[in-house]
Protein chains: 2
Amino acid sequence: MLFEPASVLPETIYDDLRASIIAQIEVPGSAMTESAIALRFGVARPTAKTAIERLVAEGLLRRTAHHSARVPALSRDDIVDLYDTRAIIESAAIAALCAGGTIPAEALEAHRALLSSASADEPFATHDIAFHRALVAGQPSARLARMHALLMGEIELCIGQVQANHLLTAVDVAHQHQGILDAVTAGDSARATLLTHAHIVGSRDLLLAHVDSRPPTDGRPNHG
Amino acid sequence: MLFEPASVLPETIYDDLRASIIAQIEVPGSAMTESAIALRFGVARPTAKTAIERLVAEGLLRRTAHHSARVPALSRDDIVDLYDTRAIIESAAIAALCAGGTIPAEALEAHRALLSSASADEPFATHDIAFHRALVAGQPSARLARMHALLMGEIELCIGQVQANHLLTAVDVAHQHQGILDAVTAGDSARATLLTHAHIVGSRDLLLAHVDSRPPTDGRPNHG
DNA sequence: TTGCCAAGATTGTTAGACAACGTAGCATAT
DNA sequence: ATATGCTACGTTGTCTAACAATCTTGGCAA
């Protein structure tokens with residue numbers, strides 16, 4: 001993903017598990033043992049192991065030595081940290097993109113897809129994420145793109161919640177995206193940075209308000 | 001490192017190889033095959049493989065499918081990208097540190113060690129790096145610290161060169177560090193951010209001037 | 001109730017093997 | 001002599017099977 005898809009078989013398992021986690025088919029806290037994954041996909045345990053290790057490296061699973069990997073339940077602090085760091089990285093990336101002044105084709109495509117899913121009232125999280133990924137990928141710094149990719153795994157967990165609970169509509173998101181695109185096209189770096197920051201912090205606050213309104217399903221915040 | 005040392009044996013190999021690469025015992029371009037590493041450390045090939053994969057993830061090795069991992073020769077563009085991204089991340093981290101207003105104990109310790117190596121005219125790159133790592137680690141955002149750790153692997157490659165060629169003295173570095181510490185202690189976020197940025201960009205420019213003054217060992221800039 | 005011990009579960013590590021892929025060198029044809 | 005295609009080798013990708021080390025859990029005894 002960041003560098004090379006080293007292999008295809010673990011890649012398949014990785015993709016499948018990743019989708020399961022983000023779609024919250026695997027509830028937070030549930031354990032994923034190497035053996036179980038291996039059995040489920042009909043592969044050897046080491047193969048399942050590499051897939052799990054990739055998800056751990058990406059922050060989508062957590063584990064300690066000799067313990068099963070578990071789907072993390074993001075705390076309020078995690079969400080704040082995640083979005084704030086993302087705002088730093090992505091604002092810098094948009095600023096770098098302004099220097100070039102051209103919008104990547106993939107970003108425009110994702111933007112159109114988002115608009116069409118808005119009128120069809122379909123799930124739009126995928127297109128939202130694709131848009132942001134494309135913008136950052138189109139900017140010249142490879143390291144900044146790498147940082148962003150590392151963050152987006154966990155961010156997808158959050159965006160999935162934003163969409164599932166209808167905290168934002170596709171129209172809202174598309175409108176904010178349009179503003180960013182306009183600023184970049186105009187070469188207005190300050191405005192583009194500001195809008196990007198506001199876009200991200202806005203999503204963060206909506207998600208936080210939602211989390212605060214409904215305390216965690218389990219009443220043990222100080223555990224393990 | 002970032003999350004958990006999953007295992008001890010690959011960790012040992014990883015540490016050893018990492019040190020070899022940063023000390024430039026392994027010259028850029030040299031190949032490291034899985035079998036060779038396995039033989040050298042007396043372990044199975046998969047064990048060597050995991051160590052190599054960690055180094056690849058950190059940017060200290062590069063490889064493509066069915067090719068040996070190779071120590072990268074950082075290009076001029078790589079150096080610029082690396083330092084500029086580092087400036088973004090680390091400036092943000094120092095700003096976050098100012099909110100707390102307290103200097104981590106490890107940072108002070110590294111600072112003292114740097115001063116003492118200045119008077120003894122010893123290698124100081126280790127303490128320089130430890131100082132920056134400690135400052136970022138002492139700041140509250142776990143994700144920002146993760147980004148920084150990912151960057152520091154390749155940065156160490158550069159700092160090794162700065163020291164080997166005496167582009168900066170330990171006294172210079174310590175003086176700049178002192179300024180950053182003072183600004184953080186005073187809670188002057190703007191000044192701390194500015195000094196951090198200048199410190200990093202200054203190192204970058206020294207290294208670039210050095211690289212420009214002596215063209216690459218091999219006369220093929222447009223290759224691969 | 002508390003502490004200890006043993007069994008089960010899980011991961012860490014290894015050995016060995018075969019398959020897939022890339023490269024270099026050789027043989028052949030022009 | 002040169003260019004082209006093929007073959008053999010080196011390297012990584014992936015798998016199976018097994019043993020070792022470690023953590024947790026349950027039962028038993030004081």
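Keep in mind that this is a model prediction, so the values were computed, not measured. Below, read A as the first sequence line, B as the second, and so on, with proteins coming before strands; counting in each chain starts at 1.
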Worksheet, complete the sentence: Closest of C/dT11, D/dA17, D/dT12 to the A/Pro46 side chain is D/dA17
Practice prompt. Would you please confirm or rule out a distance under 4.0 Å between OP1 or OP2 of D/dT12 and any side-chain N or O of B/Lys49?
Written response: no
Worksheet item: Between D/dT16 atom C1' and A/Leu39 atom CG, what is the distance in whole Å?
Response: 15 Å
Item to complete: Decide yes or no on salt bridge (charged side-chain N to carboxylate O under 4.0 Å, His left out) for B/Glu26 and B/Arg40, but give the supporting numbers first.
Response: CA-CA 14 Å; B/Glu26 307 286 342; B/Arg40 174 167 147 198; 3.4 Å; yes
Protein and nucleotides 6-8 of chain C: nitrogen or oxygen contacts under 3.5 angstrom:
none

Item to complete: Produce a footprint string for nucleotides 6-11 of chain D: one letter per nucleotide, 5' end first; B if the base is under 4.0 Å from any protein heavy atom, S if only the sugar-phosphate is, - if neither.
Response: -----S
Worksheet entry | From A/Leu114 atom CG to A/Ile129 atom CD1, the distance as rounded to the nearest 0.5 Å | 11.0 Å
Fill in: Test item: A/Asp81 side-chain N/O and A/Asp78 main-chain N/O as donor-acceptor pair under 3.5 Å
no
Discussion item. Whole angstroms only, please: what is the CZ-P distance between A/Arg70 and D/dT24?
Written reply: 11 Å
Worksheet item: In chain order, what residues pass the salt bridge (Lys or Arg N to Asp or Glu O under 4.0 Å) check against B/Arg45, with sequence neighbours excluded?
Response: B/Glu34
Worksheet entry | Length of the line joining A/Ile13:CD1 and D/dC15:C1', which is rounded to integer Å | 12 Å
Response to the item:
Contacts satisfying ring-ring contact (aromatic ring centres under 6.0 Å, His included) that involve residues 40-98 of chain B (not counting sequence neighbours) are none
Worksheet item: What's the spacing between B/Glu154 CD and B/Leu60 CG if we round to 0.5 Å?
Response: 6.5 Å
Fill in: Residues that A/Asp84 engages under salt bridge (Lys or Arg N to Asp or Glu O under 4.0 Å), provided they are two or more places apart
A/Arg204
Worksheet entry | Under-3.5 Å donor-acceptor pair between B/Arg45 side chain and C/dG16 base | no
Practice prompt. Kindly write out the residues that satisfy side chain to side chain contact (heavy atoms under 4.5 Å, CB included) with A/Ala113, not counting sequence neighbours, or none if the list is empty.
Written response: A/His127
